[in-house]
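Worksheet for the structure shown next.
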Amino acid sequence: MSVTTAPASTAPTTHLPATLPARVLGWGMFVPERVVTNHDLEQTLDTSDEWIVERSGIRERHRVGPDDSTASMAIEAGRAALDKARVPASRVDLLVLATTTPDQVTPATAATVQHALGTRGAAFDLNAACSGFVHAFHVAAACLRTPGIDHVLVIGADRFACYADPAERTTAVLFGDGAGALLLGAGSDDPAGPGLIGVDLGGDGSAVSCLEVPPDQPYLVMDGREVFRRATRGIVESCTAALERAGATAADVDVFVPHQANLRIIEAAANRVGVPMDRVVVDIDRYGNTSSASIPIAISEAARDGRIKPGSIVLACGIGAGMSWASALFRWGA
Ligand code: ACO
């Protein structure tokens, strides 16, 4: 799938003040080596490359091997973000790991990541399914206001593919594994500086059964059509709320980074939010749905490719099980 360069801002948009100042100092991502293509899935499932591409936009996904774990992927992504920022791990005061698939019940997988990277201070997991990273991003920006917290490493990492029944074609084709990370630093009081401009966080617990791994079952149970409908509507409503709170419109958005669940969801939601597709980051064709990792992976690639640059106004939106959702409008800058 081709990626078109968005016409990102060159100058700060001063009419959109950052209410939670925060600088993105570094970014990074990791996906496991093993690639599972649609043609691979055709060998074991009653499916076809044509159906999967047409109905979801996915062509291939990366999946963990025996040596990978949620922690190992998070460590690689976190280290990449620290290296990019040239900030030593010892200066990280808080590590927030968004994950739906911790390696063990306790302690938090963030503790393993903290030890491996050598970050100091607090480390905890946050589980809000596919909206987890945007929730964690908001927590990080808010914590940067706390005296003594100057750097926060926010990571999204998931290996959710193992919770999709390999014999169930509706779910087995959707998920991939991976991790993405951003290192945030304290911002300035300059309203035109980088930081969070508008946020919308929400949930509807009455929809738990639409998408869950029931306590007594090994695999995801999903009402695909209902999730599709709720996800599309949820992205539109949440993004609209975040934009309105910020006093912004879709025209202010340089780069839109929606959760990568289904290309048809992304296209329908972007159209209704009012952001043209040449400003939307799409990588679902290569990674599938990586749950908590989907947004930081997409942001990392967009930053690497120069689509997101200093001054860019970025709108990120995650939605998933719960249902839970989170949108963040922020100005990028180091
Ligand atoms: N290959 C071939 N046929 C398939 C496959 C497959 N992999 N999966 C389902 N089908 C069949 C169905 O059995 C059905 O056949 P039938 O008409 O004979 O009964 C037919 O295709 C149509 O099924 P639908 O479920 O209506 O297909 P739809 O177009 O809705 O696509 C999909 C299914 C891709 C799951 C879509 O509903 C979806 O993406 N929903 C959102 C789910 C999601 O994103 N979950 C992830 C977590 S939540 C989140 O991240 C937001």
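Side chains included, hydrogens not; waters and symmetry mates left out as well; all remaining heavy atoms used. Every number for a ligand or one of its atoms is a count from 1 in the order of the listing. Quick caveat, the model's predicted, so the values are computed rather than measured.
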Inset, instruction - Would you sort out whether Asn262 and Ser56 count as a side-chain hydrogen bond (donor to acceptor under 3.5 Å, both in side chains), showing the intermediate values? - result: CA-CA 5 Å; Asn262 184 312; Ser56 73; 5.5 Å; no
Inset, instruction - Could you tell me whether Arg91 and Asp150 have a side-chain N and a carboxylate O separated by less than 4.0 Å? - result: no
Legend entry - Of Ile284, Ile319, Val280, the residue whose pairing with Pro258 passes side chain to side chain contact (heavy atoms under 4.5 Å, CB included): Val280
Inset, instruction - Run the salt-bridge test on Asp103 and Arg159 with the 4.0 Å N-O cut-off and return the result as yes or no. - result: yes
Inset, instruction - Report yes or no: does Asp177 contribute a side-chain atom to a donor-acceptor pair with the main-chain N or O of Val64 at less than 3.5 Å? - result: yes
Using a cut-off of under 3.5 Å, which N/O atoms of ligand 1 pair up with protein N/O atoms, and what distance separates each pair?
from	atom 1	to	atom 2	distance (Å)
ligand 1	1 (N)	Thr47	OG1	2.6
ligand 1	7 (N)	Thr47	OG1	3.1
ligand 1	7 (N)	Arg169	O	3.0
ligand 1	13 (O)	Arg169	NH2	2.9
ligand 1	26 (O)	Arg225	NE	2.5
ligand 1	26 (O)	Arg225	NH2	2.8
ligand 1	29 (O)	Arg55	NE	2.9
ligand 1	29 (O)	Arg55	NH2	2.8
ligand 1	29 (O)	Arg264	NH2	3.0
ligand 1	37 (O)	Gly224	O	3.3
ligand 1	39 (O)	Asn262	ND2	2.8
ligand 1	40 (N)	Gly224	O	3.0
ligand 1	50 (O)	His259	NE2	2.8
ligand 1	50 (O)	Asn289	ND2	3.0

Inset, instruction - Please collect all ring pair (Phe, Tyr, Trp, His ring centres under 6.0 Å) contacts where either partner lies in residues 131-160, sequence neighbours excluded, each pair once. - result: Phe137-Phe330, Phe160-Tyr163, Phe160-Phe175
